[in-house]
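A quick note: this is a predicted structure, and the numbers were derived from the prediction, not measured. Residue numbering restarts at 1 for every chain, and letters A, B, ... go by the order of the sequence lines.
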Amino acid sequence: MKVGKTFQEKIYQVVAKIPKGRVLSYKEVARRGGNAQACRVEGNIMNRHNIKGLPCHRVIRSDGRVGGYKWGTKKKIKRLQAEGVKISKDGKIIGFKR
DNA sequence: AGGGTGACCCGCT
DNA sequence: CAGCGGGCCACCC
C-alpha cells in the first residue's frame, strides 16, 4: 500500500520544519522521509528545483560538512552563519551531532 | 512518450 | 585507504 506522496513532498515537509539555527544531515532527512538511501534524491530535487521557502541550506552532509549548494557552497556557509550556525574554517559544522 | 544518466550522498567491503 | 553499489527524481535526447 502506497502512501501516494512523492519523496519530494516528504523531504519538503521535513526540511521546511527544520528550526532556525539547526541543521540536519541528508541522511537524517531521508530517514524521516522513509528511505535513508534516497539521500541523493534530496540534493537532486533541490538542485533542479531550488524551491523557494525551502531552507535547503540547513541540510548538510553527515560528515559535518555543509555539502554542496546550487548557488555555491560558500554561499551556503555564509547563509548558515547568518542563521547562527557556527562553522569551522574548513566549512565544518560546529555543534552538529550525527 | 520512453530510455538513459546525473545529482548538494552514505555506508559497506 | 580506495572503490562501488544503492534508490528516487528531474532533465536530456
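For A/Leu24 and B/dC10, the CG to P distance is 13 Å, given to the nearest whole Å. The interatomic distance linking A/Arg61 (CZ) with B/dA7 (P) rounds to 15 Å, in whole Å. When the C1' atom of B/dG11 is taken as reference, atom CG of A/Asp63 falls 11 Å away, rounded to whole Å. We find that CD of A/Gln37 is positioned 13 Å from P of B/dC10, with the value rounded to whole Å. When rounded to the nearest whole Å, the span between NZ of A/Lys10 and C1' of C/dG7 equals 12 Å.
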Check your understanding: Could you write nucleotides 8-13 of chain C as a row of B, S and -, 5' to 3', where a protein heavy atom under 4.0 Å of any base atom gives B, of only sugar-phosphate atoms gives S, and otherwise -?
Key -> BBSS--
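Considering only residues two or more places apart in sequence or on other chains, A/Tyr12 meets the ring-ring contact (aromatic ring centres under 6.0 Å, His included) condition with none of them. Residues passing the side-chain contact (heavy atoms from CB on, under 4.5 Å) test with A/Gln13 are A/Lys17, sequence neighbours excluded. In this view, A/Arg65 satisfies the side-chain hydrogen bond (donor to acceptor under 3.5 Å, both in side chains) rule with no residue, not counting sequence neighbours.
Side-chain N or O atoms of A/Lys76 include one that pairs as donor or acceptor with a backbone N or O of A/Val59 at under 3.5 Å. Side-chain atoms of A/Ser88 never come within 3.5 Å of backbone atoms of A/Gly91 as a donor-acceptor pair (strictly under, hydrogens ignored).
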Review point. With Watson-Crick and G-U wobble geometry limited to distances under 3.5 Å, how should the secondary structure of DNA chain C be encoded in dot-bracket form, using | for bases paired to another strand and [ ] for crossing pairs?
Key: .|||||..|||||
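The distance from atom CD of A/Glu28 to atom OG of A/Ser62, rounded to the nearest 0.5 Å, is 7.5 Å.
Residue A/Tyr69 shares its hydrophobic cluster (ILVMFWY side chains chained together at separations under 4.5 Å) with A/Trp71.
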Practice item. Take A/Leu24 and A/Ile60 through the side-chain contact (heavy atoms from CB on, under 4.5 Å) test and state the conclusion after the steps. Key: CA-CA 6 Å; A/Leu24 282 178; A/Ile60 60 168; over 6 Å; no
